[in-house]
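Report on the following structure.
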Amino acid sequence: MTTTGDDERRVQEAVRRHTRNSDCAEAEDVISAVLSDPAVQEAQERVEAAETELGMELRARLQPFQERYDQAVAEGDRTRLTEVCAGKHGRWGRICVLPDRHQTPMKEPHWGRNSQGQPIARAGSAPDNW
């Protein structure tokens with residue numbers, strides 16, 4: 001047999017879930033509207049083009065880092081893999097193959113390959129919850 005207190009807690013939890021779900025749905029609608037704006041899409045295309053261009057410009061100098069990273073992956077070298085930059089790209093995820101903390105001493109952007117295997121460079125890092 002349930003008590004009035006149990007019923008009240010269940011109702012409050014149901015209201016919280018409904019409010020949270022409504023807020024999430026509204027946020028998704030707003031994000032979709034912003035991202036579908038032609039000016040935002042054009043800006044995103046310009047950023048992607050600049051990242052790809054910079055990635056190609058830096059390729060000759062930074063390709064050895066990619067090769068060391070690929071070798072560490074192939075060999076399962078956890079030590080070397082933990083020494084790689086944790087910089088994260090909002091679209092491509094963890095792409096940077098440079099040493100951890102490289103931005104300060106080397107003044108280099110994050111550099112690696114996107115999902116199509118093309119070199120890509122990015123200044124800054126996306127938050128971990130992306």
Side-chain angles (χ1 to χ4, degrees):
M1 185 168 153
T2 62
T3 65
T4 305
D6 290 340
D7 290 342
E8 181 66 26
R9 279 190 290 279
R10 281 198 329 263
V11 168
Q12 288 175 353
E13 180 57 33
V15 167
R16 277 193 291 273
R17 272 194 317 269
H18 175 74
T19 301
R20 185 176 54 243
N21 290 344
S22 295
D23 290 347
C24 287
E26 183 178 349
E28 287 177 6
D29 289 345
V30 169
I31 290 168
S32 293
V34 169
L35 292 178
S36 66
D37 182 276
V40 171
Q41 290 177 349
E42 181 183 335
Q44 183 178 11
E45 288 170 7
R46 287 194 317 261
V47 167
E48 287 179 14
E51 290 175 345
T52 301
E53 182 179 342
L54 182 57
M56 291 298 287
E57 288 175 13
L58 296 172
R59 183 180 206 166
R61 192 174 56 190
L62 300 179
Q63 184 63 32
F65 291 100
Q66 182 70 54
E67 292 164 3
R68 275 180 266 188
Y69 175 81
D70 291 344
Q71 182 178 8
V73 169
E75 295 173 356
D77 188 337
R78 293 181 188 151
T79 301
R80 269 199 290 171
L81 291 173
T82 60
E83 296 168 352
V84 172
C85 175
K88 187 174 180 186
H89 187 284
R91 180 172 181 189
W92 306 114
R94 296 204 186 285
I95 64 158
C96 192
V97 297
L98 299 179
D100 195 22
R101 295 179 175 72
H102 64 86
Q103 280 188 297
T104 303
M106 291 176 54
K107 304 250 188 258
E108 295 285 358
H110 297 292
W111 190 87
R113 286 185 277 182
N114 64 20
S115 61
Q116 288 88 31
Q118 297 173 331
I120 188 166
R122 178 180 179 94
S125 185
D128 277 333
N129 61 352
W130 276 33

Notebook entry, point to check: Does any pair with a residue in residues 68-87 pass side-chain hydrogen bond (donor to acceptor under 3.5 Å, both in side chains), and if so which ones, sequence neighbours excluded?
Noted result: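 Residue pairs passing side-chain hydrogen bond (donor to acceptor under 3.5 Å, both in side chains), neighbours aside: Q66-D70, D70-R113, Q71-E75, E75-R80, D77-R80.
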List the atom of [X], the atom of [Y], and the distance in Å for their closest heavy-atom pair.
X	Y	value
G55	P119	O-CB, 3.5 Å
L81	A72	CD2-CB, 3.8 Å
P99	F65	CD-CE2, 3.4 Å

Check: With sequence neighbours excluded, what pairs up with R17 under the side-chain hydrogen bond (donor to acceptor under 3.5 Å, both in side chains) test?
Finding: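 Per chain and number, R17 pairs via side-chain hydrogen bond (donor to acceptor under 3.5 Å, both in side chains) with no residue.
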In Å, rounded to the nearest 0.5 Å, how long is the span from [atom1] of [X] to [atom2] of [Y]?
X	Y	atom1	atom2	result
E51	R122	CD	CZ	5.0 Å
R9	T4	CZ	OG1	10.5 Å
E45	Q41	CD	CD	7.0 Å
W111	L58	CH2	CG	8.0 Å

Partner set under side-chain contact (heavy atoms from CB on, under 4.5 Å) for [X], not counting sequence neighbours:
X	value
L35	I31, V40
E57	E53, L54
E42	R46

Checklist line | ILVMFWY network linking V97 to V73, side-chain heavy atoms under 4.5 angstrom | finding: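 Same hydrophobic cluster.
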Note to self: Applying salt bridge (charged side-chain N to carboxylate O under 4.0 Å, His left out) as the test, list every pair that has at least one member in residues 20-37; sequence neighbours left out.
What the structure shows: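 Found none.
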Checklist line | Full working for salt bridge (Lys or Arg N to Asp or Glu O under 4.0 Å) between R10 and E13 | finding: CA-CA 5 Å; R10 281 198 329 263; E13 180 57 33; over 6 Å; no
